[in-house]
Novice: 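Here it is, the structure, as structure tokens.
Order of the sequence lines sets the chain letters (A, B, ...), proteins ahead of strands, with each chain counted from 1.
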Protein chains: 2
Amino acid sequence: MVQNTTSTQLRRGVIGPCILVLLSTGPRFGLQLVRELDAVGGLLTSQGTVYPLLNRLHDGGLVTSHWEVDKGERPRRYYRITDAGRAEAETFRGDWEHFSHSVSTLLTHLTPATTESETN
Amino acid sequence: MVQNTTSTQLRRGVIGPCILVLLSTGPRFGLQLVRELDAVGGLLTSQGTVYPLLNRLHDGGLVTSHWEVDKGERPRRYYRITDAGRAEAETFRGDWEHFSHSVSTLLTHLTPATTESETN
DNA sequence: AAAGTTATCATGCGGTGCAAGGTATCGTCA
DNA sequence: TGACGATACCTTGCACCGCATGATAACTTT
């Protein structure tokens, strides 16, 4: 049974763009992204989320990947954002601003007052 | 093909609680909720979203419903929030605040300019 | 009657987050 | 050499929910 928390659903459509935003500041490998998303409260994810997501981003041409095998280090697959990925990240910034503003407006404009049926 | 916009995914897990928030100010019927959510930019929905959602909320005991058949008016099914629904709505307020703050933090703290890391 | 508007409802699809499970490499200890 | 834990990668399948689509019904208008 999958946990049906509110947060789980809220994360929909957000983690992917967030990964792109992270990658826009420099290449990273998978577990690194998991840790960074975890560090930002509320964006906690699991590896089972990040790796399929990275595959999708890769298939979509939003990121590239290359193996880096240094001595004394485990082989790591680094993901680097592409121009298309940057564009997508920028688009998301606008989408998120618009969307979050709408939700916040609805939440703040309506105070949970008494039940008064209005017929405007 | 279903439209796969970013907004579509962003709405996940938001519309339900938003409906609860709306209902916390007074009972409404289905189409009324559609119009009000549509009025708040970015939360546009269709009837095919709202009615199944109301059923889910009803099954979950978060709302009750009662038919209202006034003369000179079409029969309308009004939905009223329950105490459990109010609690859920309040929980969502907290969840949303936490979540949106996390995302906004990630978006603003990272400017897409730098690429100051290695291997440019 | 016929057509349009308003309202409710059911069905099925599709994307995505996530749990669960698996493989491979490295360092350490004995 | 072998065992073990930590790190890092990856796959599979499920469940949820927004949405397109279409049906039904009642009231109003033509």
Novice: Could you list the residues that satisfy side chain to side chain donor-acceptor pair (under 3.5 Å) with B:Arg77, not counting sequence neighbours?
Specialist: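 With sequence neighbours excluded, B:Arg77 shows a side chain to side chain donor-acceptor pair (under 3.5 Å) to B:Ser65, given in chain and number order.
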Novice: Closer to the 5' end of DNA chain C via nearest nucleotide, is it A:Gly48 or B:Arg35?
Specialist: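 Between the two, 5'-proximity favours B:Arg35.
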Novice: Let me know the distance between CG of A:Leu10 and C1' of D:dG18, rounded to the nearest Å.
Specialist: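 Taking atom C1' of D:dG18 as the reference, CG of A:Leu10 is at 14 Å.
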Novice: Under 4.0 Å, heavy atom to any atom of DNA chain D: which of residues 54-66 of chain B qualify?
Specialist: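 Residues of residues 54-66 of chain B that come under 4.0 Å of DNA chain D are, in numerical order, B:Arg56.
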Novice: Ignoring hydrogens, what is the shortest heavy-atom contact between A:Arg28 and A:Leu22? Give both atom names and the distance.
Specialist: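 It is NH2-O, 3.0 Å.
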Novice: Using whole Å, what does the distance between atom P of nucleotide C:dG14 and atom CD of B:Gln9 come to?
Specialist: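 After rounding, the reported distance stands at 14 Å.
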Novice: Just compare C:dC26, C:dT8, C:dC18 and give me whichever is closest to any side-chain atom of A:Ile15.
Specialist: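 Taking heavy atoms from C-beta onward, the closest nucleotide is C:dC18.
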Novice: Rounding to 10°, can you tell me the angle the first-five-pair axis of the helix from C:dA1-D:dT30 to C:dA30-D:dT1 makes with its last-five-pair axis?
Specialist: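 Computed angle between terminal axes is 10°.
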Novice: Restricting to ring-ring contact (aromatic ring centres under 6.0 Å, His included), what partner residues turn up for B:Phe29, sequence neighbours left out?
Specialist: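 So B:Phe29 forms a ring-ring contact (aromatic ring centres under 6.0 Å, His included) with B:Tyr78.
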Novice: Is a side-chain donor or acceptor of A:Thr49 paired with a backbone partner of A:Thr45 at a separation under 3.5 angstrom?
Specialist: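 No: the side chain of A:Thr49 does not pair with the backbone of A:Thr45.
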Novice: Closer than 4.0 Å, any side-chain N/O of A:Arg77 to the OP1 or OP2 of D:dC10?
Specialist: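 Indeed, a polar side-chain atom of A:Arg77 lies that close.
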Novice: Look at the side-chain N and O atoms of B:Ser46 and state whether any lies under 4.0 Å from the OP1 or OP2 oxygen of D:dA20.
Specialist: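 Checking B:Ser46 against D:dA20: at least one side-chain N or O falls below 4.0 Å of OP1 or OP2.
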Novice: Taking CD from A:Glu68 and C1' from C:dC26, how many angstroms apart are they, rounded to a whole number?
Specialist: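 Rounded to whole Å, this separation is 17 Å.
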Novice: Closest to the B:Arg11 side chain: D:dC10, D:dC19, D:dA8?
Specialist: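 When the side chain of B:Arg11 is considered, D:dC19 is the closest of D:dC10, D:dC19, D:dA8.
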Novice: Shortest non-hydrogen contact from B:Val40 to A:Ser102?
Specialist: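 In terms of heavy atoms, the two residues are closest at CG1-O, 3.4 Å.
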Novice: Got a list of side-chain donor-acceptor pairs under 3.5 Å for residues 54-63 of chain A, not counting sequence neighbours?
Specialist:
none

Novice: Can you tell me which nucleotide in D:dT11, D:dC19, D:dA8 comes closest to the side chain of A:Pro52?
Specialist: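 Side chain of A:Pro52 sits closest to D:dT11.
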Novice: Would you give the length of the straight line joining atom CD of B:Gln9 to atom CZ of A:Arg12, rounded to the nearest 0.5 angstrom?
Specialist: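 CZ of A:Arg12 is found 6.0 Å from CD of B:Gln9.
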Novice: Which nucleotide wins on minimum distance to the side chain of B:Leu53, given the candidates D:dT7, D:dG18, D:dA20?
Specialist: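 Selected nucleotide (nearest to the side chain): D:dG18.
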Novice: Determine the contact category for A:Gly30: base if any of its heavy atoms lies under 4.0 Å from a base atom, sugar-phosphate if only primed atoms, P, OP1 or OP2 are that close, otherwise nothing.
Specialist: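 Contact class for A:Gly30: sugar-phosphate only.
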Novice: Please enumerate all residues that pass side chain to side chain donor-acceptor pair (under 3.5 Å) together with B:Ser104, with sequence neighbours excluded.
Specialist: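 Applying side chain to side chain donor-acceptor pair (under 3.5 Å) to B:Ser104 gives A:Trp96.
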Novice: Distance check needed: C:dA7 P versus B:Asp38 CG, whole Å only.
Specialist: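 Atom-to-atom, B:Asp38 to C:dA7, this comes out as 14 Å.
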Novice: Just the rounded figure in Å: distance from P of D:dC17 to CG of B:Leu37.
Specialist: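 These atoms are roughly 16 Å apart.
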Novice: How close or far is atom C1' of D:dA8 from atom CZ of A:Arg76, stated in whole angstroms?
Specialist: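 So the two atoms are 8 Å apart, to the nearest Å.
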Novice: Measure CD/B:Glu36 against P/C:dA7 and give the value in whole Å, please.
Specialist: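 B:Glu36 atom CD is separated from C:dA7 atom P by 13 Å.
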Novice: Please figure out whether B:Arg74 or B:Gly13 has its closest DNA chain D nucleotide nearer the 5' end.
Specialist: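 Nearer the 5' end of the strand: B:Gly13.
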Novice: Which is true for B:Arg12 with a 4.0 Å heavy-atom rule: it touches a base, it touches only sugar-phosphate, or it touches nothing?
Specialist: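 Touches a base.
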Novice: Considering all heavy atoms of both residues, which atom of A:Gly41 and which atom of B:His98 are nearest to each other, and what is their separation?
Specialist: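 In terms of heavy atoms, the two residues are closest at C-NE2, 3.7 Å.
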Novice: Of all heavy-atom pairs between A:Gln47 and A:Leu31, which one has the smallest distance, and what is that distance?
Specialist: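 In terms of heavy atoms, the two residues are closest at NE2-CD2, 3.4 Å.
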Novice: Just how far, in rounded Å, is C1' of D:dA25 from CG of B:Leu31?
Specialist: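 Value for this atom pair: 14 Å.
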Novice: Under 3.5 Å, is there an N or O donor on one side and an acceptor on the other linking the side chain of B:Gln47 and the base of D:dC19?
Specialist: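 Between D:dC19 and B:Gln47, which were checked side chain against base, a qualifying N/O pair under 3.5 Å is absent.
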Novice: For C:dC18 and A:Thr49 - does any side-chain N or O of the residue sit under 4.0 Å from the phosphate oxygens OP1/OP2?
Specialist: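 Indeed, a polar side-chain atom of A:Thr49 lies that close.
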